[in-house]
Number of protein chains: 2
Amino acid sequence: MDPMRSTEATADRIPPHPDVAAVPLQAVLEALVDPVRRSIVTQLADATTDIRCGDFDLPVSKSTATHHFRILREAGLIRQHYAGTSRMNTLRRTEFDTAFPGLLTALVDADRTQPTPVSAHQESPTAG
Amino acid sequence: MDPMRSTEATADRIPPHPDVAAVPLQAVLEALVDPVRRSIVTQLADATTDIRCGDFDLPVSKSTATHHFRILREAGLIRQHYAGTSRMNTLRRTEFDTAFPGLLTALVDADRTQPTPVSAHQESPTAG
DNA sequence: GTCGAAGCTTGACGGTCATCGTACTTCCGG
DNA sequence: CCGGAAGTACGATGACCGTCAAGCTTCGAC
């Protein structure tokens, strides 16, 4: 009800974001090995602005998408904040590049060259 | 029995190595997400010469190690050749860097900064 | 030829994770 | 206040993958 709430004042409902420097490399790789999550990251990397959860092009249900966003947030890859009922997502590029130099660039670059096929109901597109 | 067999003539027993350019990014990430396999890669990156399979410092049984070497070979990350009964392993750095620029460097670099804890009988060191 | 060393193959097992549906919460517009 | 929209939380389920032991193959030494 405050007139103060534009885009930044409603952040209470979001669990705390980790310090990227404290995230283990293992967690980062586990986050990025999933094609759906990697698709989220590349869509963010290609965008110039934040993206709503619901505006991503994803082949999974809403609850599964929520799960993926959480993994990415906990891996320090994305930052989330509320705007109304919409959760906005940003890539934490600068911070991440400090902690893992070159990693995100190399991955997004590779994903652009070889777009990862993200089809639903398939956990291991390589083996399948 | 040929006198010709120094180190390169015995390569028959090794399945063919893939063309790195044809390896999907997904396969590369699935290979590198495992801490044991990442440990193999970093040990190779730190070495100046080839390493025998048995000379790696790995917390798993021989059969499991064989499995990991195969995954890495099929992901285009290592090259294997026989020398007697020993299988030698080399990092395919140059080829890999051409196909996935910056990826290997960023990963090895990150792994050096944050050495991955590879303990036996543990598939998900992050969650555990 | 025989033996040991090095490593592969196979089969089985157990844990982890991606997936979903359902129910719940929070916010905005009338 | 009420309804819809946007997401989350919670269980349940099924598949994949890392793990190992046992047995086999290949090579080198003697």
Side-chain angles (χ1 to χ4, degrees), chain A residues 1-3 5-7 9-15 26-27 29-31 33-40 51-56 58-74 80-89 118-128, chain B residues 1-3 5-7 9-15 26-27 29-31 33-40 51-56 58-74 80-89 118-128:
Chain A
M1 305 305 191
D2 299 10
R5 57 174 61 191
S6 56
T7 311
T10 332
D12 276 296
R13 275 148 67 208
I14 306 226
Q26 185 63 32
L29 292 180
E30 284 171 5
V33 78
D34 186 282
V36 175
R37 289 195 286 265
R38 211 159 57 250
S39 169
I40 293 176
I51 306 183
R52 273 196 334 163
C53 283
D55 280 359
F56 284 86
L58 297 179
V60 295
S61 72
K62 260 202 303 185
S63 51
T64 302
T66 297
H67 166 67
H68 288 310
F69 283 115
R70 176 151 75 121
I71 301 289
L72 287 173
R73 186 185 63 237
E74 292 176 348
Q80 301 190 293
H81 67 95
Y82 265 102
T85 61
S86 296
R87 207 176 256 211
M88 308 300 297
N89 302 274
V118 272
S119 39
H121 290 248
Q122 197 161 328
E123 291 162 20
S124 187
T126 293
Chain B
M1 304 310 190
D2 300 8
R5 57 172 63 194
S6 56
T7 310
T10 331
D12 275 297
R13 275 148 66 208
I14 305 223
Q26 184 64 32
L29 291 180
E30 283 172 4
V33 78
D34 186 280
V36 176
R37 289 195 285 265
R38 213 160 56 250
S39 168
I40 293 176
I51 307 183
R52 273 197 333 164
C53 282
D55 280 358
F56 283 86
L58 297 179
V60 295
S61 71
K62 261 202 300 186
S63 51
T64 301
T66 297
H67 166 67
H68 287 311
F69 283 115
R70 175 151 77 122
I71 301 287
L72 288 174
R73 185 186 64 237
E74 292 176 347
Q80 301 190 292
H81 68 96
Y82 265 101
T85 62
S86 297
R87 205 178 257 211
M88 308 301 296
N89 302 273
V118 273
S119 39
H121 291 248
Q122 198 163 326
E123 292 161 20
S124 186
T126 293

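Small disclaimer: the values here were computed from a predicted structure and weren't measured. Just so we're on the same page: letters track the sequence lines, and every chain starts at 1.
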Minimal non-hydrogen separation, A/Ala31 against A/Arg37, with atom names: O-NE, 2.8 Å
What's the shortest heavy-atom distance between B/Ile14 and B/Arg73, and which atoms? CG2-CD, 4.3 Å
Not counting sequence neighbours, which residues clear side-chain contact (heavy atoms from CB on, under 4.5 Å) with A/Thr66? List them please. none
Between A/His68 and C/dC17, is there a contact of a side-chain N or O with OP1 or OP2 at under 4.0 Å? no
Less than 4.0 angstrom between a side-chain N/O of A/Thr85 and OP1 or OP2 of D/dA6, yes or no? no
Nearest-Å distance, [atom1] ([X]) to [atom2] ([N])?
X       : N      : atom1 : atom2 : value
B/Lys62 : D/dG23 : NZ    : P     : 14 Å
B/Arg70 : C/dG7  : CZ    : C1'   : 13 Å
B/Phe69 : D/dT19 : CZ    : C1'   : 16 Å
B/Ile71 : D/dT19 : CD1   : P     : 11 Å
A/Leu58 : D/dG7  : CG    : C1'   : 14 Å
B/Arg73 : C/dC8  : CZ    : P     : 8 Å
A/Arg52 : D/dA5  : CZ    : P     : 12 Å
B/Arg87 : C/dC8  : CZ    : P     : 4 Å

DNA chain C: B/Ser86 or B/His67, which has the more 5' nearest nucleotide? B/Ser86
Is there, by distance only and without an angle test, a donor paired with an acceptor across the side chain of B/Thr64 and the base of D/dG18 below 3.5 Å? no
Among D/dC20, C/dG7, D/dG18, the one nearest B/Ser63 by side-chain distance: D/dC20
Between D/dT26, D/dG18, D/dC20, which nucleotide gets closest to the side-chain atoms of B/Arg13? D/dT26
Within a strict 4.5 Å, meaning less than it, do heavy atoms of the A/Arg13 and A/Tyr82 side chains meet? yes
Side chains of A/Met88 and A/Arg52, heavy atoms from C-beta outward: is any pair under 4.5 Å? yes
